[in-house]
Amino acid sequence: MKRSLVAVSIVVALGAVWTGASWYTGKQLESRLDRFIEKTNIELKNSAPESGFEWQAKDFKRGIFSSDVRLILTTKGGMKEVGIKPNEEIIFKSTIDHGPFPISNLKTFSLVPKMASIHSELEKSDALKELFNFTDGKSLFRADTNVGYSGSLSANIDFIPINYTKINKNGDHRVLSFAGAKISANTDRNLSVFSFTAKSEELSFSDPAKKETISLKGIDFKGDNKKGNFDTYVGDQSYSVGEFSINGIPNEPNISLKGIKITTNSHEDKENLNIKVTSSIDGVKIKDIELGSGKLELGLEKLDGQSVRKFNQAYNDARQKTLTVDGLSNDMTSYTILSNLHLLLNKNPQFSISPFKWKNSEGESSVDFRLSLQNIPEDKNTVYRMEPEEMIRSLVKDLSLNINIPKAMLIESIAQANELDGKDKAATKIEVEQQVQAVVRNGSKFITNKNGVIGLNFHYANDKVKLNDKESSLHQFLLDNSLAESYDDADGEESQHDNESELPATE
C-alpha cells in the first residue's frame, strides 16, 4: 500500500513539475518570439532589402501546455506573380506546444527536452485566394519547428502535391502539376549559422491537348553557411536540377537541359574573402540536336573583407531607400553599384575563369584565364588618367590566358548553329571548314595551329610578355600591336635618358 502511495505521489509530483515547467516556458515564449522576430527583420533588411519583407506576431493566446499565435508576413512591394498586392498580409496559423516535453514531440517518442514545438499552416485570406484555389482549400505546406532552450531552431516543411487544371475562356486547358517538396532548415538564435535542404521530384506547366510542357525534374538544393567576420555569410551551397525541358511551345524549339548544377564555396581569413562558383551542365539538346556539355569555374580570391562589407552596406542602403522613399527608382541602386564597384578592387584581388570547358561529339575546348591586381589607388581618378601601358605596369601583377579549341569541334559547333537556323548541316559544313581555315590564317600572329588544335597562350608578369613561344617587353608588345607610341615619338622615358647622355660631363 505504501509503495503504491509513493508511486502515485511521484507521478503526481512529476505531473505538477511538468505542468509548472510548461506554464513557465509558455510565459517565456512570447518575449523570446518577439526578440527573434526583431532579429529576423533586421537580418532581412540587411541581406534582402529589395524583398521588403517584414514579420510580426499577433494574437498570442497562452495556455498551460500550448499557445496559439498568428505569424504575419508583409511585403512592401507585393508579389505580382502570385497575386499578392503591396502591403497585403500572409498569415501563418501557429500552435506552440510548450517544453520541456512538447506534446507533439511525445507523440513521435522524441524525449529530448525542447523549449517549444511549433506547428504552422497558411491561413485563408483574400491575398492567398488564388493559391488556395490551386490547393483545393488546403494549406500549401505544413511546417514543424523545434525551438531549443539555447534559442536554436530546426524546421521541417512539407509542401503538398498539387494537380490543378484551369480552363481559359477559349477552352484551352492549363495544368499545374507539382509533386510536393520537403525542406529542412536549421539556425541558431542569432541567425549566425544557417543550413538548409530542399528537394522536389517535379514541377510542370502543361497543355495536354496541345502537348505543350515546361517542366523541372530532380530539384535538389542545399547549403551550410555561417556569418563571417565581414557580415557576409560564408560556406557551401549547391543547386541542382536533373532536367529542365520545354516542349511543344508555338514558335519555340524543343529544349532539354540535363544535369544542371551550380555550387558556391566561400571562405575567409582575417583580411580577405575567397569565393568559387562552379556551374556545369551534362547535356544540351535543342531541336533534337545534341550540342554538348560544359563547365565553368569562376574564382574571386583575396577580396578585401572590409571593402566588401562597405559595398554590401552601400547596396543595402540604396535598396532600402528605393523601397521607403517615394519617387526613387531602381536607377539609384544601379548607380550605387557602379559608384562603389571600385571597393571590390581594393588591395590585391585575384580573378579567374579556370576552367571554362565545352565538349561535343568532335572534341573538347578549354579556356583558362587568371588575373592578379596590385596597387589599386584609393583615388580612382588616378586610374582614368593613366595610359594603357602605365595602367598595366601599375595595376596588373600577373595575367594569363590559355585557349585550346580543336578545329573539328569548332567546325561541328558552327555547323550545328547553322542547322538550328534551318540550314542543311552537311551542305554548309564545307563552307564552315573554309571559314575556320581563314580564321587560322588571318590570326596566325596571335594563335597557333598544332595537331588540329587552335591555341593561344599569353602571359604577362614583371614587365614581360610571352605570347605563344615569343617573348618581349610589355612596351615592345604594345608597340608591335599599335597600342603604344615609340619612345622616340613621345616624351617618354627612353628619349629623356638619351638627352641626358648628350649633356657635357661636369667636374
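This structure is a prediction, so every number in the text was calculated from the model and none was measured.
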Worksheet item: Looking at Asp207 and Arg174, does any basic side-chain N land under 4.0 Å from a carboxylate oxygen?
Response: yes
Worksheet item: Can any side-chain N or O of Glu268 pair as donor or acceptor with the backbone N or O of Asn229 at less than 3.5 Å?
Response: yes
Fill in: Ion pair check, Arg393 and Glu389, cut-off under 4.0 Å
yes
Discussion item. Donor-acceptor pair, distance only, cut-off 3.5 Å: does the side chain of Ser154 make one with the backbone of Asn186?
Written reply: no
Discussion item. With heavy-atom distances below 4.5 Å as the criterion, would you say the side chains of Ile219 and Glu201 are in contact?
Written reply: no
Worksheet item: Do other residues, nucleotides or ligands put more than 12 heavy atoms under 6.0 Å from the CG atom of Asn451?
Response: no
Worksheet item: Is atom CD of Glu202 surrounded by more than 12 heavy atoms (other residues, nucleotides or ligands) closer than 6.0 Å?
Response: yes
Discussion item. Taking ring-ring contact (aromatic ring centres under 6.0 Å, His included) as the cut-off, I'd like each qualifying pair that reaches into residues 435-462, sequence neighbours left out, listed once.
Written reply: Phe458-Phe477
Discussion item. Keeping Arg441 on the side-chain end and Val436 on the backbone end, is there a donor-acceptor pair under 3.5 Å?
Written reply: no
Item to complete: Count the heavy atoms of every other residue, nucleotide or ligand shown that sit under 6.0 Å from NZ of Lys310, and state whether that count exceeds 12.
Response: no
Worksheet entry | Donor-acceptor pair, side chain of Asp269 and main chain of Glu271, under 3.5 angstrom | yes
Fill in: Heavy-atom side-chain proximity of Val308 to Leu343 below 4.5 angstrom
no
Worksheet item: Should we count CD of Gln435 as having more than 12 external heavy atoms under 6.0 Å?
Response: yes
Worksheet item: Is any NZ, NE, NH1 or NH2 atom of the basic residue among Glu390 and Arg385 found under 4.0 Å from an Asp or Glu carboxylate oxygen of the other?
Response: no
